[in-house]
Amino acid sequence: MPPCCLWTDMPDLQTQFRDLAAWAEDSSPLYAHLCREAADDPAVLDLAATVPEGRQAPHLLLAAVHYLLDRNPDHRLAEYYPSITRAARAPDDECFPAFREFCLDRADDIRPLLRNRRTQTNAVRRSAVLYPAIARVARAADGPLALVELGPSAGLNLLFDHYRYDYDGRVVGNGDSPVTIESSVRRGDPPLPETPPAIRSRVGLDRNPLDVTDEADRDWLRALVWPEHEERRAVLDSALSVARDDPPELIAGDMLDDLPAVLDGIPEDVPVCVVNTLVLYQVPAELSEALTASLEDLMADRPLHWLTGRRDLSGGESVGLDWKRQIGDGIETTHLADYGPHGAWLSWRG
């Protein structure tokens with residue numbers, strides 16, 4: 001990797017670790033502790049600097065260690081990971097030294113992961129907001145939808161109609177599914193049909209799609225789930241088992257340059273629903289604006305709906321989901337829902 005692609009601002013890297021420590025305090029005491037300590041450790045920061053600039057170095061280092069530790073569970077560091085050791089120890093004075101030792105002893109294995117892997121989480125529970133949103137689009141469309149996801153990672157949310165859903169005791173979706181996604185409706189009355197809306201075809205477009213039939217890719221997805229998040233990991237494992245039997249079609253490509261060709265492969269009279277949840281947070285504003293202009297132009301040529309996520313500009317932790325489509329001569333935007341980043345709750349506003 002050319003030096004220009006790596007971190008050159010070590011104080012900025014320290015800030016990233018400290019910021020993640022603060023953010024993780026209530027969700028992952030282990031990662032909060034490790035990030036606080038790592039921010040002041042030159043050797044660990046030097047290893048983290050292997051991550052190409054522009055990517056999330058603390059997240060990738062933690063995931064790389066989690067990935068390798070799961071394959072080397074005899075190391076003393078595993079005693080602190082609930083995902084690996086039952087009745088794991090709470091972080092103490094020996095926790096970070098064990099983490100540091102693991103990092104430095106396995107630096108040659110960690111560096112390739114930091115260079116080549118990405119934080120491509122598949123938060124399967126986000127399907128809890130996609131279920132009513134796609135149902136709303138399907139109700140407005142004329143015929144089964146062609147689903148296109150941007151930045152799908154392994155494409156597990158493309159299979160939203162393969163899952164069962166439990167919204168505060170109201171169970172809908174695929175009743176035979178081994179996957180049950182629980183979510184709480186905080187506000188509103190989302191459309192929750194008993195059976196999923198009809199999907200004619202589905203495809204995902206990602207620069208670096210993950211293959212659910214590949215063991216290393218599956219293990220990387222699991223490593224991205226924080227050690228204490230047992231429920232998220234259980235849902236992910238169930239979804240992976242479904243996806244291995246019916247892998248979604250994923251195309252390696254650029255969401256702006258290659259999307260028109262993907263759409264050209266769908267008959268013009270078939271209504272299309274383009275979906276993205278959090279991927280636009282990770283791209284430059286110029287790309288997001290260009291994608292918006294491109295999709296809005298395409299809406300004039302064919303039945304095309306766009307479900308696009310947006311972050312909470314007020315500083316909160318919720319995510320918004322908007323529905324864009326052509327109405328008459330203009331583009332209409334409806335704010336359908338706010339939801340927790342991992343889909344644990346939603347507020348319907350559509």
Side-chain angles (χ1 to χ4, degrees), residues 13 16-39 44 47-48 51 55-73 75-92 95-96 98-100 102-103 106 110 113-114 117-128 153-154 156-157 179 181-183 210 216-240 277-279 281-282 311 316-319 339-345:
L13 195 52
Q16 285 207 19
F17 274 95
R18 289 173 181 145
D19 287 348
L20 183 55
W23 193 78
E25 195 68 54
D26 295 331
S27 182
S28 176
L30 173 62
Y31 277 5
H33 172 78
L34 294 177
C35 285
R36 279 196 303 270
E37 298 294 325
V44 173
L47 180 60
V51 175
R55 298 182 195 169
Q56 299 170 315
H59 293 77
L60 282 169
L61 178 62
L62 293 168
V65 170
H66 198 184
Y67 175 87
L68 293 173
L69 187 62
D70 191 49
R71 298 181 171 207
N72 299 271
H75 192 277
R76 64 185 180 122
L77 178 61
E79 297 176 13
Y80 298 94
Y81 280 68
S83 54
I84 299 174
T85 302
R86 291 186 179 181
R89 296 168 59 181
D92 55 25
C95 181
F96 183 74
F99 178 83
R100 186 179 191 274
F102 188 90
C103 286
R106 290 166 174 78
I110 291 174
L113 294 171
L114 300 183
R117 288 290 188 177
R118 290 166 172 78
T119 48
Q120 295 173 275
T121 55
N122 244 185
V124 183
R125 286 174 67 181
R126 286 182 196 149
S127 287
S153 182
L156 300 182
N157 294 108
V179 181
I181 295 176
E182 297 181 358
S183 188
L210 298 179
D217 280 357
R218 292 197 305 270
D219 287 349
W220 180 251
L221 278 171
R222 298 186 79 257
L224 288 166
V225 178
W226 291 5
E228 296 94 337
H229 295 187
E230 296 178 6
E231 185 177 349
R232 285 181 59 204
R233 185 173 299 100
V235 172
L236 173 63
D237 286 342
S238 297
L240 285 171
T277 51
L278 294 180
V279 69
Y281 299 171
Q282 303 173 27
R311 63 187 178 89
E317 293 187 5
S318 67
V319 180
Y339 64 99
H342 296 130
W345 61 267

Report task. Give me the ring orientation class for Y81 and H66: parallel if the planes are under 30° apart, tilted from 30 to 60°, perpendicular past 60°. Result -> tilted

Query raised in the report: Checking H59 side chain against L224 main chain: does a donor-acceptor pair fall under 3.5 Å?
Result: no

Query - CZ on R76 to CZ on R89, rounded to 0.5 Å - result: 9.0 Å

**Report entry** D217 side chain vs W220 backbone, donor-acceptor pair below 3.5 Å
**Finding:** no

Report task. Could you check if a side-chain atom of D237 sits within less than 4.5 angstrom of a side-chain atom of R222, using non-hydrogen atoms only? Result -> yes

Report task. Go through E79 and T85 one step at a time and tell me if the side chain to side chain donor-acceptor pair (under 3.5 Å) criterion holds. Result -> CA-CA 6 Å; E79 297 176 13; T85 302; over 6 Å; no

Query raised in the report: Would you call L210 and R117 a side-chain contact if the rule is heavy atoms closer than 4.5 Å?
Result: yes

Query - Backbone N/O of W226 and side chain of R233: donor-acceptor pair under 3.5 Å - result: yes

**Report entry** Polar side-chain atom of S153 near backbone of N122 as donor-acceptor pair, under 3.5 Å
**Finding:** no

Query - Atom CG of D26 with >12 non-hydrogen neighbours under 6.0 angstrom - result: no

Query raised in the report: Hey, mind stepping through H229 and S27 against side chain to side chain contact (heavy atoms under 4.5 Å, CB included) and telling me if it holds?
Result: CA-CA 8 Å; H229 295 187; S27 182; 2.6 Å; yes

Query - Minimum-distance pair of heavy atoms, taken over all atoms of A48 and L61 - result: CB-CD2, 4.2 Å

Query raised in the report: Is there a donor-acceptor pair closer than 3.5 Å between any side-chain N or O of H75 and the backbone N or O of L77?
Result: yes

Query - Candidate pair L236 and L156, rule side chain to side chain contact (heavy atoms under 4.5 Å, CB included), full reasoning - result: CA-CA 9 Å; L236 173 63; L156 300 182; 3.5 Å; yes

